[in-house]
Amino acid sequence: MAKINLKLLKNKAKNEIEKAQNLKELNDIFKKYLGKKGEITQILASIKNLTKEKRARVGKEANLLKNFLEKKFSEKTIEIKRKIEKEIEEREWIDITVPGKRPSLGHLHPLSQVKRKTEEIFQSIGFSVIEGPEVETEWYNFDALNIPKDHPARDAWDTFWLRQETGNRKQEARKLLLRTHTSPVQVRYMEKNNPPLRIIVPGRIFRHEATDASHEVNFYQVEGLMVDKKVSVANFKAVIEEFFQRFFERPIAIRIRPSYFPFTEPSFEVDISCSNCRGRGCSVCSKTGWLEMMGAGMVHPNVFKAAGLNPKNWQGFAFGIGLDRLAMMKYKINDIRLFYSGDLRFLNQF
Ligand code: PHE
C-alpha cells in the first residue's frame with residue numbers, strides 16, 4: 001500500500017512542480033508536500049508506527065522521495081528565477097544606438113542680442129556700461145536735465161507718476177516716476193565721477209501712451225555720454241558712424257539735422273540711410289531714403305551745473321538711441337509690439 005501511495009505521490013508532486021508558473025505557486029506546492037503538515041512530512045512522521053521491517057523499507061523510500069522532490073523544487077526555483085530575469089532584461093533593454101532627443105535650449109531675446117552687440121561695440125571704443133534706476137525722481141528725470149516745469153513731457157499723458165503714501169496730500173504730489181528716458185543717468189553718473197568720462201547706459205524706459213506698431217508703453221534706450229576738456233560734434237559724428245557701421249555690418253550714411261532737447265545745446269536728430277531701400281526711398285522711410293535713429297547734442301551747461309561740474313571746464317556730447325528701433329532696422333521687424341508679445345513663432349526666428 002505504502003509503496004503505491006509513494007509512487008502516486010511522486011508523480012503527482014512532480015507534475016505539479018513542473019507546471020508551476022511562478023515562485024508563489026511553487027512555494028504553495030512545497031508546503032503541500034514538504035511543509036510542516038505536508039503529505040510527505042506526515043508520512044515520515046507516521047513511519048514509527050509501522051512494523052519494524054516495513055519501517056525500514058518505507059522509511060528509505062519516503063526519504064528518497066523527499067530528497068528527489070527537494071531537488072526538483074530547487075531546480076524549478078532556479079528555472080523560474082531565470083525566466084523572470086530574462087523577462088526583465090527584455091523589458092528593460094535599451095537601444096543605445098538610437099539617436100537621442102535633443103533638449104530644446106532657449107536663446108537670448110532679440111532685444112538682448114542687440115543690447116549686447118551695442119555694448120560690445122561701445123566697450124571696444126572705450127565706453128563703460130552703466131545702469132541707473134527705472135524708478136526715478138522728478139529731479140533727475142526732468143529738473144536736472146533743464147526740462148522746465150511746464151514741459152509737456154511731465155504731463156500724465158507721457159509720464160507714469162508713482163504716488164507715495166505719506167498721508168500728506170501735498171507731499172504725495174508727483175515725486176517719483178517711471179523714467180521716461182535714460183538721460184537722468186547722465187547726471188547721476190557725473191555727480192559721482194569726474195570727467196574725462198565715456199559711458200553708455202542701456203535700460204528700460206516707460207511712456208504713458210497708446211500702443212501701435214511703433215509705440216509701446218515700455219521700451220529700451222541706450223544713452224551715451226562723453227565728457228572731456230575738448231569734445232566736439234566731430235567727435236560725436238566719428239563715434240556714431242563707427243557704431244552704425246559695425247552694428248549693421250555695412251557702410252552706413254548718416255545725416256545730422258538740427259533739433260531741440262532742453263538738455264543739449266545745440267541739439268540734433270541723427271538719421272541713417274534707410275536699410276530697407278539703401279537710400280533710394282521706400283515705404284519704410286516714407287520715400288525719404290532716411291530713417292530717424294536718435295536724438296543727440298552737446299551737453300547743456302545747466303546739466304553740468306546740476307551734476308556739480310563747472311561748465312566752463314568741460315565739454316561733452318550725449319545721445320539716446322532707441323534699442324527697439326535698432327533691432328527693428330537690423331531684422332526688418334515692422335511692429336514693436338512683437339518684442340513684448342512672448343510669441344514663440346516670432347522669438348524663435350532669432
Ligand atoms: N532723452 C532723449 C529722448 O528720450 C534722447 C536724447 C538723449 C537726446 C541724449 C539728446 C541727448 O528722446
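As the structure lists them, so they are numbered: ligands from 1, and atoms in each ligand from 1.
- Listed by chain and residue number, Phe263 satisfy the ring-ring contact (aromatic ring centres under 6.0 Å, His included) test with Phe261 (two or more places apart in sequence, or in another chain).
- For the pair Lys117 and Phe247, the cation-pi criterion (under 6.0 Å, within 45° of the ring axis) is not fulfilled.
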Return a table of N or O atom pairs, ligand 1 on one side and protein on the other, at distances under 3.5 Å, rounded to 0.1 Å.
| unit_1 | atom_1 | unit_2 | atom_2 | d |
| --- | --- | --- | --- | --- |
| ligand 1 | 1 (N) | His181 | ND1 | 3.0 |
| ligand 1 | 1 (N) | Ser183 | OG | 2.9 |
| ligand 1 | 4 (O) | Arg207 | NH2 | 3.0 |
| ligand 1 | 4 (O) | Gln221 | NE2 | 2.9 |

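- Residues Thr180 and Asp158 bring no donor and acceptor atom of their side chains to less than 3.5 Å of each other.
- A cation-pi geometry, defined here as NZ or CZ lying under 6.0 Å from the six-membered ring centre and within 45° of its normal, does not hold between Lys115 and Tyr220.
- In this structure Tyr189 satisfies the ring-ring contact (aromatic ring centres under 6.0 Å, His included) test with no other residue, sequence neighbours excluded.
- Under the salt bridge (Lys or Arg N to Asp or Glu O under 4.0 Å) criterion, Glu18 pairs with Lys72, not counting sequence neighbours.
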